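Single-structure report; data block below.
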Amino acid sequence: MGKGRSRAEARRASQAGQVSCTSPNARTARSLSPDASLTPITAPLASLDFLGAKEVISLASAGLHVAGDLLDWLPRRYEDRRRFDAFPAAPGGPAICVRGKVVDTRNRFGPRARFYEAVVEDTRSSGMGTATITCRWFNMPFLKNVIAAGQEVILHGKPKDFQGRIYIDHPDFEVIRDDGGPSIHLERIVPIYRNVSGIAQRRLREIQHQLLERIDPASLGSPYDVDPTYPRAEAFREVHFPEAIEQAEAARRRFALEEFFAVQLNVVWRRARIHDHKGRVQGTKTTLLKRFYESLPFDLTGAQKRSIKEIVADLRSPRPMNRLLQGDVGSGKTFVAMASMLLAIDSGAQAALMAPTQILAEQHYLTFKRWLEPLGVRVLLRTAAKEQSTHLPLDGEAQVLIGTHALLYDKVAFTDLGLVVIDEQHKFGVSQRSRLIDQGTMPDVLVMTATPIPRTLTMTIYGDLDVSILDERPAGRGKMVTALRTAAKQTDITKFVKEQLATGRQAYLVYPLVEESEALKAESATEAFEKWQKRLSGHSVGLVHGKLSPEEKEDVMRRFRDGEIHALVATTVIEVGVDVPNANLMIIHHAERFGLAQLHQLRGRIGRGEHKSYCILLTDGKSADAMEKLAVMEKTSDGFVIAEEDLRLRGPGDVLGTMQSGLGDLRFPDFLADTALLREARALADQVIAEDPSLAALHASLRSLIQENPVASSQRG
Ligand code: ADP
Ligand code: MG
């Protein structure tokens with residue numbers, strides 16, 4: 001969910017005033033005979049007698065203020081301390097959890113950093129060749145006060161090899177203390193939490209345990225109980241201190257369902273709000289569309305035809321259209337948009353196209369003019385720059401108006417807006433969309449995105465939209481070759497770039513970072529820029545990255561588009577970019593550092609003209625995972641296949657993160673691949689809205705979950 005409202009806030013709101021749907025009886029019972037010994041979920045942490053004042057401060061700086069915040073601080077993983085792993089004989093493999101004794105510690109100084117080392121010995125082994133693991137913590141000298149020889153510890157981390165020894169860098173660790181009696185720290189499955197600075201793992205676990213014993217179960221209701229058969233109090237106990245891993249999983253599923261329900265409720269709510277409006281019936285006249293088809297030098301692809309058909313049905317229906325057109329770069333979305341706009345225009349309305357940047361708006365303007373003006377359609381570009389709008393006719397005369405998102409805030413631009421096309425949705429927040437829709441007349445809306453996403457994620461992110469998919473590439477493109485290289489020599493690369501530039505083509509030279517970073521050891525774009533200037537002397541080399549101002553970026557991109565710059569050293573800022581059909585070569589350095597979806601997006605910058613194109617992925621070949629990932633790029637150019645692979649390899653959390661979906665706060669992103677759970681959440685939300693469309697009666701408390709003004713997702717680059 002967006003940052004607008006946290007679960008905790010929603011909960012507080014629902015408990016301050018409204019009756020909880022979960023347990024009205026329990027609530028009444030509590031107010032009749034309050035059990036003073038129990039802690040309500042709203043109790044300030046400062047009021048809990050088992051917390052020290054310093055601890056309360058530490059918790060507050062982690063954003064934990066009331067009892068419920070602590071309960072919501074869920075374990076990030078569990079350790080089964082009924083059995084430990086054996087000390088590894090060799091490095092590599094997954095993370096391990098071992099128990100051993102610290103036999104030596106020291107502060108060390110390396111060339112780049114100082115670090116604290118602890119050698120931990122396997123206490124179960126004996127005699128010759130005792131197994132040890134060395135732990136390293138960089139720049140944390142104070143650890144010498146925490147870890148000392150003689151202690152028994154539990155370590156968790158990935159064993160690595162360094163100069164013939166087995167190391168774990170920055171392991172999770174916990175010092176074992178025997179205070180007699182049964183322990184919540186040993187001989188069971190224990191929760192490991194995200195760190196709260198100032199509070200040790202062990203202490204945090206004790207705090208959670210104590211809180212769970214004190215918490216008033218009657219106060220644990222949520223505004224809507226997604227699973228009455230599984231009380232929340234029980235789920236909280238089982239997620240923090242499970243008897244079996246399956247219990248923790250079931251509890252997480254329950255909480256995930258709650259969370260997805262809130263997302264879907266918003267989605268269904270927005271959809272219902274759109275359908276509250278009466279849309280216009282348009283698109284019955286097809287004269288312009290027929291002339292457009294006749295003017296095209298190519299046939300539309302099957303996918304384009306299918307999408308246009310779906311759009312036509314929406315336009316003709318009295319319900320407002322709210323449709324997403326998904327398709328790879330170059331799949332022909334723009335032509336679908338043009339066809340749709342012609343239908344609106346033929347019905348006497350205006351159509352608008354909004355692009356995320358000025359330069360993209362200009363590019364669309366030229367394309368639209370080229371194809372639509374011969375049909376007698378007036379196309380205008382509306383820009384922020386004054387000098388550009390003065391010599392243009394009045395906007396009111398425009399039939400197609402093209403601009404940036406600023407168009408949204410411009411009420412006078414339109415006299416009769418019938419259709420809005422929004423390009424590049426992932427740069428465009430939900431709130432902007434609703435703003436447009438709130439602007440009075442209810443235009444039909446078509447959103448285009450070039451980021452294919454797996455279908456399960458579509459349901460979450462674009463659940464309030466109907467979806468059309470362009471999964472077919474138009475014919476007549478130059479061939480595209482993608483090659484993965486692990487040991488390419490710089491001289492060979494330079495030679496290849498020069499050859500392509502010599503034939504008049506242009507090249508992108510992509511780097512993962514803007515500035516040099518010691519930690520990442522990857523060459524940065526700024527460093528590389530200087531080198532490329534020398535290597536390609538005689539050619540003009542440009543540099544673009546996210547630290548430039550928008551104007552500077554656009555200026556460089558414009559010069560590249562116009563052919564003044566031959567080779568462009570760039571970071572990922574080019575992934576949503578200008579169409580430069582003459583650019584046919586892309587070299588992606590440190591390709592392993594990019595996500596699959598990102599690589600695909602980057603590669604989409606080339607292969608747009610008739611020339612054969614080359615995408616070269618450079619990597620050191622050291623990581624098997626990275627090689628598996630990069631091989632996908634060599635195998636396929638289908639954005640949907642790549643998106644599914646990306647989801648499989650990275651998991652939904654990371655995929656969502658880079659998509660800037662506005663769902664970054666989801667606590668259970670890992671369940672997003674779980675179609676069944678998503679469908680269940682959707683069905684519950686559908687049911688609630690069907691029973692009580694405005695959430696005014698039956699489910700009034702659920703209004704607290706609705707984000708009226710969701711925060712737009714932040715921009716990337
Ligand atoms: P997108 O907006 O999806 O990136 P465009 O609509 O800009 O794609 O189309 C990319 C290129 O493909 C354009 O140069 C366009 O002229 C061409 N094109 C679009 N549709 C077809 C088609 N059906 N057959 C051949 N070329 C097409
Ligand atoms: Mg496009």
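None of these values were measured; they are calculated from a predicted model. First listed ligand is number 1; within each ligand, the first listed atom is number 1.
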By number and element, which atoms of ligand 1 are closer than 4.0 Å to a non-hydrogen atom of [X]?
X: Leu300; answer: 23 (N)
X: Phe335; answer: 6 (O), 15 (C), 16 (O), 19 (C)
X: Ala475; answer: 25 (C)
X: Thr301; answer: 23 (N)
X: Pro474; answer: 20 (N), 21 (C), 22 (C), 24 (N), 25 (C), 26 (N), 27 (C)
X: Val329; answer: 4 (O)

Evaluate whether atom CZ of Arg485 has more than 12 neighbouring non-hydrogen atoms of other residues, nucleotides or ligands under 6.0 angstrom away.
-> no
For Arg648, does the CZ atom sit with more than 12 other heavy atoms under 6.0 Å from it, leaving out its own atoms?
-> yes
When you measure from the side chain of Thr571 to the backbone N and O of His545, does any donor-acceptor pair fall under 3.5 Å?
-> no
Does Gln304 offer a backbone N or O that forms a donor-acceptor pair with the side chain of Thr301 under 3.5 Å?
-> yes
Between Lys290 and Asp346, is there a salt bridge with N-O shorter than 4.0 Å?
-> no
Quick one: do Asp555 and Arg559 make a salt bridge, cutoff under 4.0 Å?
-> yes
Using a 4.0 Å heavy-atom cut-off, say whether [X] meets ligand 1 through its side chain, its backbone, both or neither.
X: Asp299; answer: backbone
X: Met448; answer: neither
X: Phe298; answer: side chain
X: Asp328; answer: backbone
X: Pro581; answer: neither

Can you measure from CE (Met338) to CD1 (Ile345) and round to the nearest 0.5 angstrom?
-> 11.5 Å
Any chance you could measure Leu617, atom CG, to Phe594, atom CZ, to the nearest 0.5 Å?
-> 10.0 Å
Within the 6.0 Å centroid threshold, strictly below: Phe529 and Tyr511 | no
Short N or O distance, Trp371 and ligand 1, threshold 3.5 Å exclusive | no
Report yes or no: does Gly327 have a heavy atom closer than 4.0 Å to ligand 1?
-> no
